[in-house]
Amino acid sequence: MPNTLTITDNRTGKTYEIPIEHDTIRAMDLRQIKVESGDFGMMTYDPGYTNTASCQSTVTYIDGDRGILEYRGYPIEQLAEKCTFKEVAYLLLYGELPSQPQLDEWVQSLRMHTMVHENIKEQMATFRYDAHPMGMLISTVAALSTFYPEAKEVHCEANRMLQAKRLIAKVPTLAAFTYRHSQGHPYNYPKNDRNYTENFLHMMFKMTDNPYTPEPALVRALDILFILHADHEQNCSASVMRAIGSSDADPYSALAGAAAALYGPLHGGANEAVLKMLNEIGDLKNVPGYIDRVKKGEMRLMGFGHRVYKNYDPRARIIKECADEVFEVTGRTPLLDVALELERIALEDEYFVERKLYPNVDFYSGLIYQAIGLPTTMFPVMFAIPRTVGWLAQWQELMVDQEKRIQRPRQVYLGERNRNYVPFDQRG
Ligand code: CMC
C-alpha cells in the first residue's frame with residue numbers, strides 16, 4: 001500500500017501524489033497545486049488550528065477519544081499516584097524518570113534558585129492593592145528577563161537548562177508574592193528545607209508569629225494537582241510559548257506570553273470562572289434553570305468541554321477523587337453539591353451528550369483551591385506554577401528541533417486592494 005495521498009484538482013484536472021508520514025501530509029506539499037504557473041499555490045485554512053500539527057513532539061501524548069494522557073509515555077494516573085511533582089518535572093524536561101541521585105541533585109538545584117532579587121519584590125509592591133494576581137505574575141515573569149540578560153543565549157544548552165531551573169524554582173515564589181500582595185501581608189521568603197509544595201504553602205500562608213505546618217493531605221493534594229497540570233501538549237499557552245520561542249526570544253519573555261494565554265477564561269482562567277459560576281448558581285434548585293440558559297446559548301458551562309477530550313478528561317477523574325480527600329480534612333463546601341448536580345444533569349442531557357461535553361480539569365480544581373483557602377483570583381496562578389514545567393519542556397524541545405523556523409502563519413486575505421488615498425474633504 002503506497003504511503004501517499006493522491007489529489008486531483010478539478011479546476012485543472014491535474015493529479016498530485018503527496019507523501020504521507022505519521023498520518024500527516026506536509027502543508028508545503030500543497031503549494032505545488034496551482035491553476036496558473038504564477039499563482040501562489042494551495043494553502044490550508046484552519047482557524048484555531050483544529051487539524052494542524054504545529055510540531056513533532058515526544059513530550060506529552062493525548063488520545064482525546066479514549067481519554068488517555070501520558071507524559072513521556074507514562075500514564076497520568078500512575079504518575080499522579082506514585083510520583084512527586086518534582087519527579088514529574090524532571091521527567092518532562094529530561095524525558096526519563098530520575099534515579100535517586102539524579103532526583104536529589106535536581107531537587108537541590110531547584111532549591112538554589114527559589115529566591116528572587118530584592119528589586120523584584122519592590123517592583124511587585126508597586127502594583128495596586130487590588131491588582132489581579134495573574135496580571136502581577138505575567139508582568140513580573142517578563143521583568144525577570146532583565147535580571148538575567150544571559151538568558152538571551154538560547155542556543156546554549158547549559159544556559160537554557162539554568163534558566164529553566166530558575167523559572168521552575170522562582171515562579172512559586174512570585175505566585176506566593178502576588179497573593180501576599182493582594183492580602184496586604186509581608187512577603188514570605190522561600191523555606192528551602194521544605195518540599196516544593198510545602199514551601200509554596202509556607203510562602204502563601206505563614207503569618208509572622210505563628211508556626212506553620214501545612215496539613216499533609218493538602219500538601220499531597222496540591223502536589224497531585226501540580227502533576228495533573230504540568231503539561232498538555234500543544235494547547236493555547238504552550239503554542240504561545242513555542243511561537244515566542246521561535247523568534248529566539250529569552251524564556252522569561254516567552255513564558256510571560258504563555259502565562260498571558262493561560263489567563264483567558266477559555267483556558268487556565270476557566271477554574272476561576274467555574275467558581276464564579278457555581279457561586280452564581282448558588283443552590284441546587286437553580287441548576288436546571290442554569291442548564292437551560294446554557295443550552296439557549298446565553299453562556300457556556302465553564303469547566304465543561306475540551307478541544308481534544310471527547311470522552312472524559314482523565315485529569316478530571318483524578319481531581320474528583322482528590323477533592324474527596326481534601327474535603328475530609330477541610331469539610332465539605334455546599335458548592336460541591338451544586339457542581340455534582342450540574343455534572344449529573346449535564347451528562348444526561350442531549351445537548352451535552354451530542355457535543356461530547358464532559359467535565360474538564362478545571363471543573364473540580366477550583367473547589368480544591370477554595371478549600372485550601374485560596375481566593376478565586378489565585379486559581380489561574382495555581383495553574384501557571386506547574387504548567388511552567390510543561391512550557392519549558394516544549395520550549396526546550398523546540399530549541400533543538402532541526403525543523404525549527406520562526407512561526408509565521410499565512411492568511412487568506414479577503415479585504416480591499418489597490419485603493420487610492422482619499423483626502424478628508426472628499427470622504428463620505
Ligand atoms: N458549554 C456549553 N456549550 C459548549 C461548551 C460549554 N462549556 N463548550 C463547547 N460547547 C458547544 C459549543 O457552543 C458548540 O456548539 P454548537 O456546535 O452548537 O455551536 C460545540 O459545543 C463545540 O464547541 P467549540 O467552541 O467548537 O469547541 P472548542 O473545541 O473550540 O472549545 C473549549 C473548547 C474548551 C474552549 C470549550 O469547550 C469551552 O469554552 N469550555 C468552557 C471553558 C473551559 O472550561 N475551558 C477549560 C478547558 S480545559 C483546561 C485548559 O485547557 O486550560
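Remember, it's 1-based here, ligands and their atoms both numbered in the order they're listed.
No donor-acceptor pair closer than 3.5 Å links the side chain of H306 to the backbone N or O of N311.
The nearest heavy-atom contact from the protein to atom 47 (C) of ligand 1 is N360 ND2, 3.6 Å. If you check which protein heavy atom lies closest to atom 34 (C) of ligand 1, you get G305 O, 3.7 Å. The nearest heavy-atom contact from the protein to atom 52 (O) of ligand 1 is H267 ND1, 2.6 Å. Of all protein heavy atoms, the one closest to atom 1 (N) of ligand 1 is L301 N, 2.9 Å. For atom 12 (C) of ligand 1, the nearest protein heavy atom (residue, atom name, distance) is R300 NH2, 3.4 Å. For atom 4 (C) of ligand 1, the closest non-hydrogen atom of the protein is L357 CD1, 3.4 Å.
Residue R307 has at least one heavy-atom neighbour below 4.0 Å for each of these atoms of ligand 1: 28 (P), 29 (O), 30 (O), 33 (C). Atoms of ligand 1 lying under 4.0 Å from at least one heavy atom of F383, given by number and element, are 52 (O). Residue-ligand proximity, G303 to ligand 1, at heavy-atom distances under 4.0 Å covers atoms 43 (C), 44 (O). Shown in contact with A270 at under 4.0 Å from a heavy atom are these atoms of ligand 1, numbered in order with element: 43 (C), 44 (O), 45 (N), 46 (C).
With a heavy-atom cut-off of 4.0 Å, H306 touches ligand 1 through backbone and side chain alike. The backbone and the side chain of L266 each have at least one atom closer than 4.0 Å to an atom of ligand 1 (non-hydrogen atoms only). Residue contacts with ligand 1 for V361 involve side-chain atoms from C-beta outward but no N, CA, C or O (heavy atoms, distance under 4.0 Å). Heavy atoms of R355 found under 4.0 angstrom from ligand 1 belong exclusively to the side chain. Residue V294 touches ligand 1 through its side chain alone, judged by heavy-atom distances below 4.0 Å. Contacts with ligand 1 closer than 4.0 Å are made by side-chain heavy atoms of D362 only, the backbone lying farther away.
Within the structure, ligand 1 lacks F363 among the residues with a heavy atom less than 4.0 angstrom away. Contact analysis leaves N235 out of contact with ligand 1, as no non-hydrogen atom separation drops below 4.0 angstrom.
Of the polar atoms of R315, none of the N or O atoms is found under 3.5 Å from an N or O of ligand 1, judged by distance alone.
Looking at Y94 and Q102, their side chains never bring a donor and an acceptor atom within 3.5 Å of each other. For N119 and Q123, the side-chain atoms include no donor-acceptor pair closer than 3.5 Å.
Centroid-to-centroid, the aromatic rings of F363 and Y358 stay 6.0 Å apart or farther. The aromatic ring centres of H232 and Y309 sit less than 6.0 Å apart.
When F304, Y351, Y358 are ranked by how near their heavy atoms come to atom 3 (N) of ligand 1, first place goes to Y351.
For atom 26 (O) of ligand 1, no protein heavy-atom neighbour is present inside the 4.0 Å cut-off. Counting only heavy atoms, the protein gets under 4.0 Å from atom 21 (O) of ligand 1. At least one protein heavy atom sits closer than 4.0 Å to atom 42 (C) of ligand 1.
When each of R355, R344, K295 is paired with D349, the salt bridge (charged side-chain N to carboxylate O under 4.0 Å, His left out) condition holds for K295 and for no other.
Of all heavy-atom pairs between Q56 and D401, the closest is O-OD2, 4.4 Å.
Between F383 and H267, the ring planes lie perpendicular to each other; the angle is over 60°, past the 30° to 60° tilted range. Relative ring orientation between Y196 and F226 is described as perpendicular, the plane-to-plane angle rising above 60° on a 0-90° scale split at 30° and 60°. In this structure, H132 and Y263 have tilted ring planes: the angle between them lies in the 30° to 60° band. Between H229 and Y369, the angle of the ring planes lies from 30° to 60°, which puts this pair in the tilted group.
Using a 4.5 Å cut-off on side-chain heavy atoms (C-beta onward), M134 and L262 make contact.
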Stepwise salt bridge (Lys or Arg N to Asp or Glu O under 4.0 Å) test for E157 and R160: CA-CA 5 Å; E157 196 182 336; R160 281 201 309 273; 5.0 Å; no
